[in-house]
S.K.: 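Below is one structure. I have some questions about it.
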Amino acid sequence: MSFFARPAVSDDHAAFARLFPELGVSDPLPTPEQFAARMVPHTVMLTEGSERGDPVGYGFWLLYGRTAHVVQIVVDPRVRGRGAGRALMEEVRRRVRAAGGRRWYLNVKQDNVAAMRLYEGCGLAIEQEGWAVKTRWTELATLTGPRDVATPFTPSKADDAALAALGVDEARVELLRARPGVVLLALAEGGRLADGGRVVDGGRLADGGRLADGGRVVAFAAFDPAFPGVYPVRVARVELAAALFDGLRAHARVDELNVFVEGDRGLYETLRGAGARLEHALYRMGATLD
């Protein structure tokens, strides 16, 4: 039989909920409201036999400027090995290119050999390692490092170029700013805070302050207390992690949280040393879109 891909609709949540566990992660299932608002505009459902058939897979991506992050590719075990995954990837490729994307990437578990072969067949190659860990704020409080060598502040759009120099995609930051409840925090060394900015309440910048006069951004993290999770996270030096997580902790609702570290083995090992548990070791695979 042939596979067909169609845009997702809100009523697909039940099928999505049935397929979601195939990801093999401990993330909470998105609610129907979250699925409709965050995923439906960037998700395709795969059916077999006809476009009206029951979904046997789905693909979800986000576009940051001209770069697409393929967040989830899920195929029902009953149709694996029959081209379903390739059909999903090709449909996502087509839609990303139509939306102006020129590059795509995804994360895959290092032990998922079949998935890696699929992605290699679609032209993607390993670019870096990543680690998804679970930890607790009480564990992060034991991190060693100076707490007063950098100034915490809430980065504005004017600071995006400085964040980019730290390896944070500007388009991603823009989308994170638009998400209700997400906390953005950066650390800066040198310079001063402009617009009357001052630090209050354990790491929040009051009065709309921003970095000015030659200060250098040395750390950044985005924290979603509702998930709860920290991603992305960047530090110029591992010892800055203590101050960065101290600043985020004021916004925590529960003790446990998820942290995803990309490409920074030193930071990963530091978190592990503080008690973080490895959930998944990952590879980021990416490529330009022909």
Side-chain angles (χ1 to χ4, degrees), residues 26-28 34 131-160 162-163 166-168 172-212 215-262 264 267-268 270-277 279:
S26 59
D27 297 357
Q34 291 169 333
W131 303 270
V133 303
K134 278 192 179 295
T135 185
R136 296 182 181 276
W137 291 107
T138 48
E139 293 171 340
L140 294 174
T142 69
L143 289 171
T144 58
R147 260 69 176 184
D148 57 357
V149 297
T151 302
F153 71 103
T154 304
S156 70
K157 188 170 180 58
D159 303 309
D160 284 358
L163 296 179
L166 194 62
V168 183
R172 179 188 290 275
V173 175
E174 192 65 23
L175 288 180
L176 287 168
R177 278 199 191 97
R179 283 183 55 184
V182 172
V183 178
L184 304 184
L185 183 69
L187 301 181
E189 291 179 334
R192 64 180 178 83
L193 297 176
D195 301 334
R198 56 190 175 84
V199 179
V200 297
D201 293 347
R204 292 188 298 107
L205 185 67
D207 303 328
R210 61 182 175 81
L211 188 63
R216 185 171 74 96
V217 176
V218 291
F220 171 81
F223 173 44
D224 184 351
F227 177 54
V230 175
Y231 173 73
V233 55
R234 300 282 191 278
V235 291
R237 304 185 305 278
V238 170
E239 60 265 26
L240 293 167
L244 184 64
F245 284 107
D246 278 0
L248 294 173
R249 186 177 183 180
H251 304 275
R253 302 175 188 173
V254 296
D255 191 30
E256 192 171 69
L257 74 154
N258 304 277
V259 182
F260 182 47
V261 179
E262 293 178 302
D264 189 338
L267 177 58
Y268 162 65
T270 295
L271 296 180
R272 288 276 284 168
R277 282 79 62 201
E279 288 278 287

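Sequential numbering from 1 along the given sequence is applied to the chain's residues. These numbers come from a predicted model, not from an experiment.
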S.K.: R147 side chain to G145 main-chain N or O, any donor-acceptor pair under 3.5 Å?
M.R.: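 Such a contact is found between R147 side chain and G145 backbone.
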S.K.: Any side-chain heavy atom of V259 sitting closer than 4.5 Å to one from E279?
M.R.: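 No, every pair of side-chain atoms sits at 4.5 Å or beyond.
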S.K.: Have a look at L187 and tell me which of T151, L166, L244 forms a side chain to side chain contact (heavy atoms under 4.5 Å, CB included) with it.
M.R.: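 Only match with L187 under side chain to side chain contact (heavy atoms under 4.5 Å, CB included): L244.
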S.K.: To check you understand the geometry: which heavy-atom pair defines the closest contact between L184 and A222, and what is its length?
M.R.: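 Reported closest heavy-atom pair: CD2-CB, 3.6 Å.
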S.K.: Please tell me if the side chains of T135 and L271 come closer than 4.5 Å, counting only heavy atoms from C-beta onward.
M.R.: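 With C-beta onward as the side chain, the pair stays apart.
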S.K.: Specify the closest pair of heavy atoms between P228 and P225, including all atoms of both residues, with the distance to one decimal.
M.R.: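 In terms of heavy atoms, the two residues are closest at CB-O, 3.4 Å.
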S.K.: Check whether any side-chain heavy atom of P146 lies under 4.5 Å from a side-chain heavy atom of E239, and answer yes or no.
M.R.: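 Yes - at least one pair of side-chain heavy atoms lies under 4.5 Å apart.
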S.K.: Do the side chains of V149 and L240 get nearer than 4.5 Å, heavy atoms only?
M.R.: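 The answer is yes, as the side chains (C-beta and beyond) meet within the 4.5 Å cut-off.
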S.K.: Taking C-beta and beyond as the side chain, do P155 and L163 meet within less than 4.5 Å on heavy atoms?
M.R.: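 Yes - at least one pair of side-chain heavy atoms lies under 4.5 Å apart.
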S.K.: Is there a donor-acceptor pair under 3.5 Å between the side chain of D255 and the backbone N or O of T138?
M.R.: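 Yes, because the side chain of D255 sits within donor-acceptor range (under 3.5 Å) of the backbone of T138.
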S.K.: Does some side-chain heavy atom of P232 sit less than 4.5 Å from a side-chain heavy atom of L176?
M.R.: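 Sidechains of P232 and L176: in contact.
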S.K.: Where the side chain of R277 meets the backbone of G275, is there a donor-acceptor pair that is under 3.5 Å apart?
M.R.: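 Yes: the side chain of R277 pairs with the backbone of G275.
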S.K.: On the 0 to 90° scale, with breaks at 30° and 60°, tag the F223-W137 ring pair as parallel, tilted or perpendicular.
M.R.: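 Answer is perpendicular, since the angle exceeds 60°.
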S.K.: Which pair of heavy atoms, one from V233 and one from F260, lies closest together, and at what distance?
M.R.: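 Shortest heavy-atom contact: CG1-O, 3.6 Å.
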S.K.: Can you see which heavy atom on A276 is nearest to which on E139, and at what distance?
M.R.: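 That would be N-OE1, 4.1 Å.
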S.K.: Show the nearest heavy-atom pair for residues T270 and L143, with the distance to one decimal.
M.R.: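 It is CG2-CD2, 3.6 Å.
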S.K.: Supply the atom-to-atom distance T154 OG1 to R177 CZ, rounded to the nearest 0.5 angstrom.
M.R.: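 It is 10.0 Å, given to the nearest 0.5 Å.
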S.K.: Does the side chain of Y231 come within less than 4.5 Å of D224's, by heavy atoms?
M.R.: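 D224 vs Y231: side chains apart.
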S.K.: Considering only heavy atoms from C-beta outward, does the side chain of L257 approach that of L140 to under 4.5 Å?
M.R.: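 SC-SC contact between L257 and L140 confirmed.
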S.K.: List the residues meeting side chain to side chain donor-acceptor pair (under 3.5 Å) with R234, not counting sequence neighbours, and say none if there are none.
M.R.: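 R234 satisfies side chain to side chain donor-acceptor pair (under 3.5 Å) with E262 only.
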